[in-house]
**Student:** 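Provided herewith is a single structure, encoded as structure tokens, for subsequent inquiry.
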Protein chains: 2
Amino acid sequence: MDLSEAGRELKNAVQSKKLAILVGECEVKYWGRAASRLPRGKRLLLVKGGDNSLSIHQNTKIRPVNYMMDAVISCAEKDGALLIRAEKRKPAEKIEVVFHSLEHFKAFEMEGKNDLRLFGSEKELSDSLAENLSFIEPGLKPVKREGILRKGIVDILAEDKDNNIVVIEVKRRQADFNAVTQLARYVEHVRKIKDRKIRGMLIAPAITETALEMLKSLGFEFFNLEFEISNPKAKIKGLEKRQPTINEFLK
Amino acid sequence: MDLSEAGRELKNAVQSKKLAILVGECEVKYWGRAASRLPRGKRLLLVKGGDNSLSIHQNTKIRPVNYMMDAVISCAEKDGALLIRAEKRKPAEKIEVVFHSLEHFKAFEMEGKNDLRLFGSEKELSDSLAENLSFIEPGLKPVKREGILRKGIVDILAEDKDNNIVVIEVKRRQADFNAVTQLARYVEHVRKIKDRKIRGMLIAPAITETALEMLKSLGFEFFNLEFEISNPKAKIKGLEKRQPTINEFLK
DNA sequence: GCGATCAGCGGCACG
DNA sequence: CGTGCCGTTGATCGC
């Protein structure tokens, strides 16, 4: 397929929300939040009609070397080459792809559904944990939220057997500096509202040495919790209740 | 091309480090850091021989719905379908893609070079700013970083006209909570080492209201600096030195 | 629309 | 290798 025909077909594909694939010699320029130039070379251009996003891929990496989402896409011929322009505003950005030669063009009708089911998100783990707080510590109970703490910010808000407030931050992977400073922010936040002793607790499958140091210096606690995906399960030496795991479930 | 031939061709493509493209009806399962299931539907599978990475794309979004890098990829037939397995360890992960029908298969020889030139990274902006500190404040001078802090942690370490240490954190976009807590960590770190007055300064094109609040409460300063990409240029009312911008340069 | 946070973050650079 | 942190972060959810 020659370049000008590919241009018409691409226009058509975008119109009808198809997925278009182009492979060929091209160069790419980008202006926007940053700026970049990609000299001439063979690449894959993906135009997704489902949401007018566009990516330029090389033969390595998961992420595209150039991309734009919610783009206004247009084609033109220029000096015998195929010029594909993608533009958007907010933020103002522009991509120009110039194909000097095309090795492959194809467009596919696609279904629009996005029905990935993901297990083991932080929210899932956190919710599951909130229902089993006594596993963390006897007498630990979730507390009713109000006002500014109503939702979203603090992962879990609890109360221990001595009526202290416990601010809990859950991480699905190894906790780092950022996790600790987040917890610190939330604890400070709660201190301003509640006139009670506030404990800060970080729950994660692991924590970096330096983050643990900082956590301790702030007087907070770390609880090591190994997650079997979709079911939180504490890794406490010798004490292990057997539960079906998501890995087994999916088998 | 039928499924079994596609399997052989894919194996061949991986062997010879080609870029392989498959479009067809498939379902995807993933086990690893999390777990996911993607029911049967038409999708695009990208296998990049350059680094043995693999992505499954739908007709929306920049990011693939499933993916793996540095994978060990294998093909097999199973109940008349094409089963593509991707595995890796560290972390242990597995993807199974089952193609029930194939609408398209193609593999491309690709060059291995990755020669994107990017302008406007934080490091570039920070370096450029470090050479023009007097623009921020008269008498502000960079101080040799070696021996004071592990290099790379603090964006810029400077000294003002009164011999105070100024810890500077640069952000290429709107600064948020994280930027402030980062700065706070660095300032704390420097305080322990230097027995001098330490100023903390955040330089960014914008800052969220709440982050500014927190910044002030910590006694730090915010300097609004609008960046013309690749050339930092302060947006101070009335005071503007004209310089060619990267946008003009790339024109 | 902006703000805040998660992500199977990915990717990179330094120790 | 791990640790930290940037990213044209992207994607999501609540306000």
Side-chain angles (χ1 to χ4, degrees), chain A residues 28 30-36 51 53 55-56 60-71 86 88 90-95 114 116 118-126 148 150-155 169-179 182 185-186 206-211 227 229, chain B residues 30-36 51 53 55 60-70 88 90-95 114 116 118-126 150-155 169-179 181-182 185-186 206-211 227 229:
Chain A
V28 185
Y30 160 72
W31 304 263
R33 287 168 287 177
S36 75
D51 62 353
S53 63
S55 340
I56 294 105
T60 56
K61 305 294 158 62
I62 300 293
R63 300 200 180 182
V65 63
N66 281 113
Y67 57 90
M68 187 177 297
M69 40 222 256
D70 303 315
K88 72 174 298 194
K90 212 69 176 201
E93 295 184 296
K94 182 161 83 167
I95 288 182
N114 183 359
L116 179 81
L118 181 71
F119 310 91
S121 69
E122 178 179 302
K123 180 164 190 343
E124 189 180 305
L125 300 172
S126 177
I148 304 181
R150 53 193 174 281
K151 64 182 73 162
I153 303 294
V154 173
D155 281 347
E169 172 70 20
V170 181
K171 285 294 162 199
R172 67 183 308 288
R173 53 174 177 169
Q174 176 172 266
D176 56 11
F177 273 132
N178 211 342
Q182 254 183 65
R185 277 213 318 271
Y186 302 154
I207 185 169
T208 63
E209 196 64 40
T210 49
F227 295 111
I229 293 181
Chain B
Y30 159 74
W31 304 263
R33 287 168 287 177
S36 75
D51 61 355
S53 64
S55 338
T60 56
K61 304 295 157 64
I62 300 295
R63 301 201 181 182
V65 64
N66 280 112
Y67 57 89
M68 188 177 296
M69 41 222 253
D70 303 315
K88 72 174 299 191
K90 212 75 178 185
E93 294 185 296
K94 181 160 85 165
I95 288 181
N114 184 1
L116 179 81
L118 181 72
F119 310 92
S121 68
E122 178 179 304
K123 179 163 192 341
E124 189 180 305
L125 299 171
S126 177
R150 291 198 305 275
K151 219 175 115 178
I153 302 289
V154 171
D155 282 346
E169 173 68 22
V170 181
K171 286 296 162 196
R172 69 183 306 288
R173 53 173 177 169
Q174 177 171 267
D176 55 13
F177 273 132
N178 204 356
T181 51
Q182 254 183 65
R185 280 211 314 270
Y186 304 155
I207 185 169
T208 64
E209 196 64 40
T210 48
F227 296 111
I229 293 181

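Every chain is numbered from 1, with letters handed out A, B, ... down the list of sequences.
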**Student:** Whole-Å distance between C/dA13 C1' and B/E122 CD?
**Tutor:** 14 Å
**Student:** How many Å lie between NZ on A/K123 and P on C/dC9, as a whole number?
**Tutor:**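 Nearest whole value for this atom pair: 18 Å.
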**Student:** Assess the residue pair A/V170 and A/F227 against the criterion (side chain to side chain contact (heavy atoms under 4.5 Å, CB included)); give the C-alpha distance rounded to whole Å, side-chain angles, the decisive distance to 0.1 Å, and a yes or no.
**Tutor:** CA-CA 11 Å; A/V170 181; A/F227 295 111; 4.1 Å; yes
**Student:** For B/R33, is there any backbone N or O sitting under 3.5 Å from a side-chain donor or acceptor partner on A/R172?
**Tutor:** yes
**Student:** Is there a side-chain contact between B/Y67 and the phosphate of D/dG10, meaning an N or O under 4.0 Å from OP1 or OP2?
**Tutor:** no
**Student:** In whole angstroms, how far is the P atom of C/dA4 from the OH atom of A/Y186?
**Tutor:**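 One finds 10 Å between P of C/dA4 and OH of A/Y186, rounded.
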**Student:** Rounded to whole angstrom, note down the P distance from D/dT8 over to D/dG4.
**Tutor:** 22 Å
**Student:** A/R33 side chain N/O closer than 4.0 Å to the phosphate oxygens (OP1, OP2) of D/dG10?
**Tutor:**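 So the side chain of A/R33 is within the cut-off, an N or O lying under 4.0 Å from OP1 or OP2 of D/dG10.
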**Student:** Using side chain to side chain contact (heavy atoms under 4.5 Å, CB included) as the criterion, list what pairs up with A/R185, not counting sequence neighbours.
**Tutor:**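 A/R185 satisfies side chain to side chain contact (heavy atoms under 4.5 Å, CB included) with A/Q182, B/F177, B/T181, B/M214 only.
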**Student:** Tell me: CE of B/M68 to P of C/dG8, nearest whole Å?
**Tutor:** 13 Å
**Student:** Tell me whether the side-chain N/O atoms of B/T210 come closer than 4.0 Å to OP1 or OP2 in C/dA4.
**Tutor:** yes
**Student:** At under 4.0 Å, does any side-chain N or O of A/K61 touch on OP1 or OP2 of C/dC12?
**Tutor:**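 Yes, because at least one side-chain N or O of A/K61 sits under 4.0 Å from OP1 or OP2 of C/dC12.
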**Student:** From the options D/dG7, D/dA11, D/dC5, select the nucleotide whose nearest atom is closest to the side chain of B/R185.
**Tutor:**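 Minimum distance to the B/R185 side chain belongs to D/dC5.
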**Student:** Report yes or no: is the ring centroid of B/Y30 under 5.5 Å from the six-membered base ring centroid of C/dG8, with the two planes under 30 degrees?
**Tutor:**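 Yes; centroid distance and tilt both under limits.
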**Student:** Tell me the interatomic distance from A/Q182, atom CD, to C/dA4, atom P, rounded to whole angstroms.
**Tutor:** 12 Å
**Student:** Considering only heavy atoms and no angle criterion, is a donor-acceptor pair shorter than 3.5 Å present between the side chain of B/N178 and the base of C/dT5?
**Tutor:** no
**Student:** Let me spell it out: for each of A/K90 and B/I95, pick the nucleotide of DNA chain C with the closest heavy atom. Which residue's pick is nearer the 5' end?
**Tutor:** A/K90
**Student:** Are any of A/K171's side-chain N or O atoms less than 4.0 Å away from OP1 or OP2 of C/dA7?
**Tutor:** no
**Student:** Does B/T208 or B/N114 map to a spot on DNA chain C nearer the 5' end, using the closest nucleotide for each?
**Tutor:**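 Nearest-nucleotide comparison on DNA chain C picks B/T208.
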**Student:** Base, sugar-phosphate, or nothing for A/R173, non-hydrogen atoms under 4.0 angstrom?
**Tutor:**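 Counting heavy atoms under 4.0 Å across all strands, the contact made by A/R173 includes a base.
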**Student:** Measure the OH-CG distance between B/Y186 and B/D155 for me, rounded to the nearest 0.5 Å.
**Tutor:** 7.0 Å
**Student:** Got a sec, which residues hit side chain to side chain contact (heavy atoms under 4.5 Å, CB included) with B/S53, two or more places apart in sequence or on another chain?
**Tutor:** A/I62, B/K48, B/D51, B/M69
**Student:** With C1' as the reference atom in both, quote the distance from C/dC6 to D/dG7 in angstrom, rounded to an integer.
**Tutor:**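 These two C1' atoms come out 15 Å apart once rounded.
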**Student:** Just checking, is any N or O donor in the side chain of A/T60 or B/N114 under 3.5 Å from an acceptor N or O on the other one?
**Tutor:**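 No, no side-chain donor-acceptor contact under 3.5 Å.
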**Student:** Find the distance A/D176:CG to D/dG4:C1' and express it as a whole number of Å.
**Tutor:** 8 Å
**Student:** Whole-Å distance between D/dT12 P and A/E124 CD?
**Tutor:** 16 Å
**Student:** Donor-acceptor pair under 3.5 Å: do we get one between A/R63's side chain and the base of C/dC9?
**Tutor:** yes
**Student:** For DNA chain D, whose closest nucleotide is more 5', that of A/M69 or that of B/L116?
**Tutor:**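 So the residue in question is B/L116.
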**Student:** Quick one: A/I153 CD1 to D/dC13 P, roughly how many Å, whole number?
**Tutor:** 16 Å
**Student:** Could you check A/Q174 against A/V65 and say which one's nearest nucleotide on DNA chain D is further toward the 5' end?
**Tutor:** A/Q174
**Student:** For C/dG8 versus C/dA4, give the span between their P atoms, rounded off to a whole number of Å.
**Tutor:** 23 Å
**Student:** Can you check whether A/K88 has a side-chain N or O nearer than 4.0 Å to OP1 or OP2 of D/dT8?
**Tutor:** no
